[in-house]
Amino acid sequence: MRILVSNDDGYFAPGIAALAEALSAVGDVTVVAPERDRSGASNSLTLDRPLSLRRSANGFYFVNGTPTDCVHLAVTGMLDHLPDMVVSGVNHGANMGDDTIYSGTVAAATEGYLLGVPSIAVSLVSKAATDFSAAARVARDLAERFTRAPFQQPVLLNVNVPDLPYDDLKGTRITRLGKRHKAEPVIRSVTPRNDTVYWIGAAGQAADAGDGTDFNAVSDGFVSVTPLQIDLTHNGLIPAVGEWIRK
Ligand code: MN
């Protein structure tokens, strides 16, 4: 089992170290991750300059690019073999509901999935996480499941883990994405040079955290596993828009 590991918090992040260590019990792990925190990078590719691939003292590779760059570069140019899995994380913070649109953690896994590799994004639901071991162990459990029971088609799983000790997790629920309220407004600030600048505000609170959602599972103490798809087509609107464009 060959496992490619990436993230969006950067190759130095404690979450990726915990993940790589946990997954090394299941297979050969190669880490290729951004050289700095690229949280919120979504699925962006760097097209306006070349990328460098460097190796740190602990064996992790790092790239001066986005999470998507890392997985793309690794799978299409660096690795001798297609990996059997891509695992991204463990992210410092939740990626639930609309977060998945902006997330670089989910994007790294999405890139694996688009390249035909079963892929998992793992996030720890915590604002001040210090212990990533339980979430890393959840990732290891899922990777072991893949070796025991391989999926016949590429699959993209978004996994969120409550910030609890492993033995206190209630179990695992299969979920759909919930929905957040719109984000907090930008925060205006003035620099020492008297320029006005703006910080993007925090994500909104959960708006749809009802039964079956990722928000709901995590707040009940369960690991949330959401299968994702990338086709953005709104099939339900095809008839109505079809009529509208003839008006
Ligand atoms: Mn992140």
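All residue numbers in this chain count up from 1 along the given sequence. Whatever order the structure lists ligands and atoms in, that order sets their numbers, starting from 1.
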- Kindly check if the number of other-residue, nucleotide or ligand heavy atoms within 6.0 Å of CG (D211) is above 12? no
- Query: Which protein N, O or S atoms does the Mn ion (ligand 1) have within a distance shorter than 2.8 Å?
  - Reply: D8 OD1, D9 OD1, S39 OG, N91 OD1
- Message: For a quick test of reading the model, state the closest non-hydrogen atom pair linking L115 to H72 and the distance between them.
- Response: CD1-CA, 4.2 Å
- Does D220 pair with K170 as a salt bridge, N-O distance under 4.0 Å? no
- Item | D208 side-chain N/O to K179 backbone N/O, donor-acceptor pair under 3.5 Å | no
- Residue R188 excluded, over 12 heavy atoms near CZ under 6.0 Å: no
- Using atom types as modelled and distance alone, determine if a side-chain donor or acceptor of N91 lies under 3.5 Å from a backbone N or O of N7. no
